[in-house]
Amino acid sequence: MKIFSLFLLCSFSAWFISNLSETYESRSDFVLNYRNLPDTLLLGKNSDDNLEVKLRTSGFQFLYYNFFKKRIDINVSQASYQNGRYVLSEDNLRKQIDQQLSQNISLLDVDKNQLVLDLYQVASKKIPIVPNMDLQLEQNYILDGKVIMVPDSVTVKGPGSEIDTIKEIMTAPIRLVNVSDSFEREASLVFPKGLENSVFSDARVSVSGKVAKFSEKVFDVPVQVLNIPDGYQVKTFPSSVTVLCKASIDRLKNISASDFNVEADYGKSKGSNNTLFLVISKRPENVYDVRLQENSVNFVLEQQ
């Protein structure tokens, strides 16, 4: 009985292999991969994902196609614009498929006389990224400079009606507490809703900042009076005022009184009121805070 069963199995195997080696015609599905999309166009969600074709090949090849989904690249740049639609003709479609089939497979037919592509013209816009950050520094520490983002902007491509109103892109919330060292974090970008046909160049951003310990230093700065009438001079009391500057310790070492200008506008004085109000018109860069210790000075107007 076992010998008979083995004989039947061997006979069936020989028959099966013999039949698989014969040539057959059958239909098969290809998954479409769209390639070479022009920069001015985007692919919508209504383009076909699959294409049915009729092939002639051996039974072995059809077994392969039944077990594995075959993918075919579609060169979108060869599409033509006809009657308000982008299409690939049947001849062009057959040619693209033929070039990607192995030599022992013949393409007999495709189920479409043309492939309509869901393409649309796009606008492009560069949009700044804004960090959504809660940064809490330890006492006597400052953010030395600005928060740095890489990239600092994102490019969006899509229909003008979708992207025209976008002014900025926020990051996901970043919360840093009791910070006393420089930091670097990655954050995802939060895109507005309703942008189904738009594509963004980046989805994440690196956010970093330099943190330094700060100190204070007081500078004695002379008062400069503006808009003095011709033939007169103005003497202020005092002739100089103190300016408090807060900055990192290293930055303070390179700051002097000449980095500040304190001005008073005589043209804004009020009649017999012998008081001039002060403003800081020049200050050094990359400092945490600058403020006057006195907001006004007295003055005397003297004829020359």
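On a predicted model such as this, the values are computed, not experimentally measured, just so you know.
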Heavy-atom closest contact ([X] atom, [Y] atom, distance):
| X | Y | result |
| --- | --- | --- |
| Gln78 | Asn92 | OE1-ND2, 2.9 Å |
| Ser188 | Arg204 | CB-NH1, 3.7 Å |
| Ile163 | Ser124 | CD1-N, 4.2 Å |
| Pro238 | Val223 | O-CG2, 4.4 Å |
| Thr275 | Ser296 | CG2-CB, 3.7 Å |
| Asp259 | Asn254 | OD2-O, 4.0 Å |

_With no hydrogens and no angle check, just 3.5 Å: does a side-chain donor-acceptor pair link Asn274 and Asn298?_
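The criterion, which ignores hydrogens and geometry beyond distance, is not satisfied for Asn298 and Asn274.
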*Take atom OH of Tyr288 as the centre, draw a 6.0 Å sphere, and report whether it contains more than 12 heavy atoms from other residues, nucleotides or ligands.*
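It does not: Tyr288 OH has 12 such atoms or fewer within range.
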_Whether over 12 other heavy atoms sit under 6.0 Å from Lys126 NZ_ =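 No.
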Calculate, to the nearest 0.5 Å, the distance between atoms [atom1] and [atom2] belonging to [X] and [Y] respectively.
| X | Y | atom1 | atom2 | answer |
| --- | --- | --- | --- | --- |
| Phe191 | Met170 | CZ | CE | 13.0 Å |
| Ser208 | Arg185 | OG | CZ | 10.5 Å |
| Gln121 | Leu41 | CD | CG | 5.0 Å |
| Lys95 | Leu107 | NZ | CG | 14.0 Å |
| Arg85 | Gln82 | CZ | CD | 8.0 Å |
| Glu52 | Phe30 | CD | CZ | 11.0 Å |

Can [Y] be reached from [X] by stepping across I, L, V, M, F, W or Y side chains whose heavy atoms are under 4.5 Å apart?
| X | Y | result |
| --- | --- | --- |
| Val221 | Val290 | yes |
| Val262 | Ile228 | yes |
| Leu88 | Tyr81 | yes |
| Met149 | Leu176 | yes |
| Leu93 | Leu37 | yes |

Using only atom types and a distance under 3.5 Å, with no angle test, would you say the side chain of [X] pairs donor to acceptor with the backbone of [Y]?
| X | Y | value |
| --- | --- | --- |
| Glu302 | Lys235 | no |
| Asp118 | Asn46 | yes |
| Ser206 | Glu186 | no |
| Gln136 | Val179 | no |
| Arg94 | Ser89 | no |
| Lys213 | Asn140 | no |
| Lys246 | Ile142 | no |
| Thr171 | Asn132 | yes |

Quick one: does [X]'s side chain get under 4.5 Å of [Y]'s, heavy atoms only?
| X | Y | value |
| --- | --- | --- |
| Pro159 | Ser198 | yes |
| Glu90 | Asp109 | yes |
| Thr242 | Asp220 | yes |
| Asp49 | Leu32 | no |
| Leu143 | Phe183 | yes |
| Ser153 | Ile169 | no |
| Leu51 | Ile97 | yes |

*side chain to side chain contact (heavy atoms under 4.5 Å, CB included) assessment of Val218 paired with Leu244*: CA-CA 5 Å; Val218 173; Leu244 177 67; 3.8 Å; yes
*asked:* Applying side chain to side chain contact (heavy atoms under 4.5 Å, CB included) to Ile74 and Gln96, what does each step give before you reach the verdict?
replied: CA-CA 7 Å; Ile74 299 298; Gln96 290 197 40; 4.2 Å; yes
*Between Arg251 and Asp144, is there a side-chain N and carboxylate O pair less than 4.0 Å apart?*
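Salt bridge flag = no for Asp144 with Arg251.
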*Of Val156, Thr155, Val154, the residue whose pairing with Lys125 passes side-chain contact (heavy atoms from CB on, under 4.5 Å)*: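 The passing option is Val156.
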*Could you go through the side-chain hydrogen bond (donor to acceptor under 3.5 Å, both in side chains) check for Asn75 and Asn36 one step at a time?*
CA-CA 6 Å; Asn75 188 350; Asn36 299 326; 3.2 Å; yes
*is_close_aromatic(Tyr232, Tyr266), centroid dist under 6.0 Å*: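 No, ring centres 6.0 Å or more apart.
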*Where do Ile72 and Val53 land on the side chain to side chain contact (heavy atoms under 4.5 Å, CB included) test, with the steps shown first?*
CA-CA 11 Å; Ile72 289 292; Val53 299; over 6 Å; no
*In sequence, state the C-alpha distance, the side-chain angles, and the governing distance for Ile255 and Phe260, and then conclude on side chain to side chain contact (heavy atoms under 4.5 Å, CB included).*
CA-CA 9 Å; Ile255 297 176; Phe260 302 88; 3.7 Å; yes
